[in-house]
Amino acid sequence: QVQVVESGGGLVQAGGSLRLSCAASGSTLSQYTIGWYRQAPGEERVRVATIASRGYTNYADSVKGRFTISRDNAKNTVYLQMNSLKPEDTAVYYCNTAFAQWSWGQGTQVTVSS
């Protein structure tokens with residue numbers, strides 16, 4: 001059973017930065033395309049970034065140029081560097097495979113104040 005743990009969220013002012021981490025037990029993240037997802041209150045969960053096992057990345061238009069997804073295979077961790085944060089980035093952020101194959105973790109709350 002794969003368990004993912006997201007961390008690094010917090011409260012930040014607009015224009016600020018945060019780095020989220022996704023750690024997994026029970027699986028090797030480097031074998032999968034991993035995605036970061038977010039869910040704002042009252043909205044559906046959406047994927048905002050992915051990183052393939054070979055390192056190729058893809059981003060939703062809403063975060064392109066501001067967010068960077070990366071991975072450290074030695075630490076079995078995937079990161080999401082978020083810069084130039086906007087109030088509309090406020091959400092709970094989750095990680096999972098690109099096809100959401102695993103059970104969802106608790107997520108990490110990101111709140112951006114204006």
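For the single chain, residues carry numbers from 1 onward in sequence order. Scope of the values below: all heavy atoms of this structure, side chains included, with no hydrogens, waters or symmetry mates.
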**Student:** How many angstroms lie between OG1 in T68 and CE in M82, if you round to the nearest 0.5 Å?
**Tutor:**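 With rounding to 0.5 Å, OG1 (T68) is 11.0 Å from CE (M82).
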**Student:** Checking the side chain of T28 only, and the main-chain atoms of Q31 only, is there a donor and an acceptor separated by less than 3.5 Å?
**Tutor:**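 A pair under 3.5 Å: no.
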**Student:** If you count the non-hydrogen atoms of other residues, nucleotides and ligands that lie under 6.0 Å from CD in E88, is the total more than 12?
**Tutor:**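 Result for CD/E88: enclosed.
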**Student:** Whether the side chain of R45 engages the backbone of A40 through a donor-acceptor N/O pair (distance < 3.5 Å, no angle test) should be reported.
**Tutor:**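 Checked: no pair found.
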**Student:** Take K86 and D89 through the test salt bridge (Lys or Arg N to Asp or Glu O under 4.0 Å) and record every step on the way to the result.
**Tutor:** CA-CA 5 Å; K86 304 176 180 180; D89 295 318; over 6 Å; no
**Student:** Do you reckon I34 sits in the same ILVMFWY cluster as Y59, going by side-chain contacts under 4.5 Å, direct or chained?
**Tutor:**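 In one cluster: yes.
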**Student:** Does T108 use its side chain to pair, donor to acceptor, with the backbone of G9 at less than 3.5 Å?
**Tutor:**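 Present.
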**Student:** Can you list the steps and then say if Y37 with W104 is a side chain to side chain contact (heavy atoms under 4.5 Å, CB included)?
**Tutor:** CA-CA 10 Å; Y37 301 74; W104 293 99; 3.8 Å; yes
**Student:** Roughly how far apart are D72 CG and L29 CG, rounded to 0.5 Å?
**Tutor:**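 Taking CG in D72 and CG in L29, the distance rounds to 10.5 Å.
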**Student:** Looking at CD1 of I69 and SG of C95, how far apart are the two atoms once the value is rounded to the nearest 0.5 Å?
**Tutor:**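 The CD1 atom of I69 sits 9.0 Å away from the SG atom of C95.
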**Student:** Do other residues, nucleotides or ligands put more than 12 heavy atoms under 6.0 Å from Q109 CD?
**Tutor:**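 Yes, enclosed.
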**Student:** Treating N96 as the side-chain partner and W102 as the backbone partner, does any N or O pair qualify as donor plus acceptor under 3.5 Å?
**Tutor:**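 Yes; at least one donor-acceptor contact below 3.5 Å.
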**Student:** Which pair of heavy atoms, one from A49 and one from L80, lies closest together, and at what distance?
**Tutor:**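 Result for this residue pair: CB-CD1, 4.1 Å.
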**Student:** Between Y79 and R19, is there a cation-pi geometry (under 6.0 Å to ring centre, at most 45° from the normal)?
**Tutor:**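 Yes, R19 and Y79 form such a contact.
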**Student:** If hydrophobic clusters are built from ILVMFWY residues whose side chains come within less than 4.5 Å, do V78 and Y32 share one?
**Tutor:**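 Hydrophobic grouping puts V78 with Y32.
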**Student:** How about S17 and N83: does a side-chain donor come under 3.5 Å of a side-chain acceptor?
**Tutor:**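 Yes, a side-chain donor-acceptor pair sits under 3.5 Å.
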**Student:** Consider only side-chain N and O atoms of Y93 and R38, and report whether a donor and an acceptor are under 3.5 Å apart.
**Tutor:**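 Their side chains do contain a donor-acceptor pair, which is all the 3.5 Å distance test asks for.
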**Student:** To check you understand the geometry: which heavy-atom pair defines the closest contact between V2 and S27, and what is its length?
**Tutor:**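 Closest approach of V2 to S27, heavy atoms only: CG2-CB, 3.5 Å.
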**Student:** Hey, does Q106 have a side-chain heavy atom less than 4.5 Å from the side chain of Y94?
**Tutor:**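 Not in contact.
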**Student:** If I take atom CD1 from residue I51 and atom OG1 from residue T57, how far apart are they, to the nearest 0.5 angstrom?
**Tutor:**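 If I round to the nearest 0.5 Å, the distance is 6.5 Å.
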**Student:** Taking atom CD of Q13 as the centre, does the number of heavy atoms from other residues, nucleotides or ligands within less than 6.0 Å exceed 12?
**Tutor:**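 Not buried by this count: 12 neighbours or fewer within 6.0 Å.
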**Student:** Are V112 and L18 grouped together when hydrophobic residues (ILVMFWY) are joined by side-chain heavy atoms under 4.5 angstrom apart?
**Tutor:**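 Same cluster.
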**Student:** To the nearest 0.5 Å, what is the distance between CZ on R71 and OG on S53?
**Tutor:**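 Atom-to-atom, R71:CZ and S53:OG are 6.5 Å apart.
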**Student:** So does A23 get a backbone contact from the side chain of T77, meaning a donor-acceptor N/O pair under 3.5 Å?
**Tutor:**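 Absent.
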**Student:** With rounding to the nearest 0.5 angstrom, report the CG to OG distance, N76 to S25.
**Tutor:**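 Interatomic distance, N76 CG to S25 OG, rounded to 0.5 Å: 9.0 Å.
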**Student:** Heavy-atom count around K64 NZ within 6.0 Å, excluding the residue itself: above 12?
**Tutor:**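 Yes, enclosed.
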**Student:** Would you confirm whether the ring centroid of W36 sits within less than 6.0 angstrom of the ring centroid of F67?
**Tutor:**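 Ring-ring flag for F67/W36: false, centres at least 6.0 Å apart.
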**Student:** Which atom names give the shortest non-hydrogen contact between V48 and V63, and what distance separates them?
**Tutor:**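 Closest approach of V48 to V63, heavy atoms only: O-CG2, 3.4 Å.
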